[in-house]
Amino acid sequence: MSVFTPVPESVLADWLKDYAIGRLVELKGISAGVQNSNFFVTTTLGRYVLTLFEGIPRAELPYYLHLMAHLARHGLPVPGPIANRHNEYLGTLQERPAALVVRLSGSSEMNPGLPHCEKVGAMLAGLHLAGQSYGRRQENPRGAAWRAATAQVVRPFLPADEQALLDAELAFQATIDVAALPAGAIHADLFRDNVLWDTDADGDVRIGGVIDFYFAGYDALLFDVAVTVNDWCSTPDGGLDGARAAALLDAYHAERPFTDAEVAAWPAMLRAAALRFWMSRATDFHLPRAGEMVLVKDPNEYRDILRLRIAGVPPLPR
Ligand SMILES: Nc1ncnc2c1ncn2[C@@H]1O[C@H](COP(=O)(O)OP(=O)(O)O)[C@@H](O)[C@H]1O
Ligand SMILES: N[C@@H](CCOP(=O)(O)O)C(=O)O
């Protein structure tokens, strides 16, 4: 998150009167993240995260908030949204749609080992299984149609070799039958910075929280696995670390076995997932948004991951 819209303490203190969570003690902007304005909020009764949504249409927000509530109810470490006195998760603050969620414990691990990858794989499978009973449906906002449309916006900013890479990848992706893959609610942005780690009573790592569901949607479950593997299991040059990928994928497969169609589609899904983040980062880089604290991530990291996934990847477990 970044802070695009500042919130004065007096304004928040007044807004919180609509909630049953006590009085404002502290408000702090969060610099991590790229999509929304986020703040840590401490009140006399607890610790929360406030999000002001910057550009997601209001009508699409209940899908995310109810999905978080659904997954939390299924025992996953997902922050539950807080309802206001009108029993609604979504409010309005500084003329933006706004929501409060529980602040979970832990911090992100940017150098994950095998135990981290194993736990993330098992948790992602649990999320996909619990998501099967989620009643709402909203398409992945960064799905195939978005990728194709965004490619045309970004293309003029790219050098000739990258334009050629992009054109070839779009043509390849158009040949993939995504409808043949198991689908459901996916997180779609399960990067290392969206998982908070804690330790349990024995000192073992455990997932304290999975956050940032604001790219979630209905799509192939395998696309979500690919997004996750590309981030958690890449080496600094973008290659796949075989041991970390195997730890994550074996743990996932033990909870939700991969189908034959998924085994066949795996290389294409890794490429689709790489393309998605190359395109979003290139958009943020070439067409930046104004804001008080704005983080722009390197698009070339995902261009390189795409090139390396095209060169070849190890198969899925079966
Ligand atoms: N529920 C939460 N509990 C604890 N920390 C959180 C929570 N939600 C967000 N954060 C913190 O805020 C940071 C940015 O949040 P994120 O959801 O990734 O932003 P964005 O909405 O811009 O994508 C995270 O890296 C984490 O440190
Ligand atoms: N994970 C994405 C962008 C979304 O950023 P977030 O910090 O809001 O999760 C990327 O790395 O490009």
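In listed order, ligands and their atoms are each counted from 1.
Between His70 and His74, the ring center distance clears the sub-6.0 Å criterion. The six-membered or imidazole ring of Phe4 lies away from that of Phe53, with a centre-to-centre distance of 6.0 Å or more.
Considering only heavy atoms from C-beta on, Thr259 stays 4.5 Å or farther from Val263 through its side chain.
Every atom of ligand 1 with a heavy atom of Asp193 under 4.0 Å away is listed here by number and element: 25 (O). Counting the atoms of ligand 1 from 1 in the order shown, those under 4.0 Å from a heavy atom of Leu196 are 3 (N), 4 (C), 5 (N). Counting atoms of ligand 1 from 1 in the listed order, those under 4.0 Å from a heavy atom of Val101 are 1 (N). Numbered from 1 in the order shown, with element, the atoms of ligand 1 that lie under 4.0 Å from a heavy atom of Pro79 read 1 (N). Within ligand 2, counting atoms from 1 as listed, the ones closer than 4.0 Å to a heavy atom of Arg281 are 10 (C), 11 (O), 12 (O). Atoms of ligand 2 lying under 4.0 Å from at least one heavy atom of Phe215, given by number and element, are 4 (C). Listed by atom number, the atoms of ligand 2 under 4.0 Å from Phe277 heavy atoms are 2 (C), 10 (C), 12 (O). Those atoms of ligand 1 that come under 4.0 Å of a heavy atom in Ile30, given as number and element, are 12 (O), 13 (C). Here is the list of ligand 2 atoms found below 4.0 Å of a heavy atom in Phe191: 1 (N), 10 (C), 11 (O). Counting the atoms of ligand 2 from 1 in the order shown, those under 4.0 Å from a heavy atom of Asn194 are 9 (O). For ligand 1, the atoms closer than 4.0 angstrom to any heavy atom of Asn194 are 18 (O).
For Val49, every heavy-atom contact with ligand 1 shorter than 4.0 Å involves the side chain, none the backbone. With a heavy-atom cut-off of 4.0 Å, Asp193 touches ligand 2 through its side chain alone.
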Open item on the list: If you apply the rule salt bridge (charged side-chain N to carboxylate O under 4.0 Å, His left out), what do you find for Asp231 with Arg192, and how did you get there?
Closed with: CA-CA 7 Å; Asp231 183 67; Arg192 288 162 292 169; 3.0 Å; yes
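Within the structure, ligand 1 has Val102 among the residues with a heavy atom less than 4.0 angstrom away. Heavy atoms of Tyr214 come nearer than 4.0 angstrom to ligand 2 in no pair at all. Proximity of Thr51 to ligand 1 is not established, as no heavy-atom distance is less than 4.0 Å. The shell of residues lying under 4.0 angstrom from ligand 1, judged by heavy atoms, includes Phe40.
Relative ring orientation between Phe157 and His286 is described as parallel, the plane-to-plane angle staying below 30° on a 0-90° scale split at 30° and 60°. Note: His116 and Trp197 have perpendicular aromatic rings, judged against thresholds of 30 and 60 degrees for the angle between ring planes.
No donor-acceptor contact under 3.5 angstrom links the side chains of Arg155 and Thr150, judged on distance only.
Counting heavy atoms of neighbouring residues, nucleotides and ligands inside a 6.0 Å radius, atom CZ of Arg85 exceeds 12 of them.
Looking at every heavy atom in both residues, Asp237 comes nearest to Asp304 through O-CB, 4.4 Å. The shortest heavy-atom contact between Ile82 and Tyr19 is O-CE2, 3.7 Å.
Polar contact with ligand 2: present for Asp189 (N/O pair, distance under 3.5 Å).
Atom CG of Asp241 and atom SG of Cys117 lie 7.5 Å apart (nearest 0.5 Å). Rounding to the nearest 0.5 angstrom, the gap separating the CG atom in Asp219 from the CG atom in Leu181 is 9.0 Å.
Between Asp231, Asp212, Val227, it is Asp212 that holds the heavy atom closest to atom 9 (O) of ligand 2. With atom 17 (O) of ligand 1 as the reference point, the heavy atom nearest to it among Leu104, Leu50, Asp212, Asn36 is part of Asp212.
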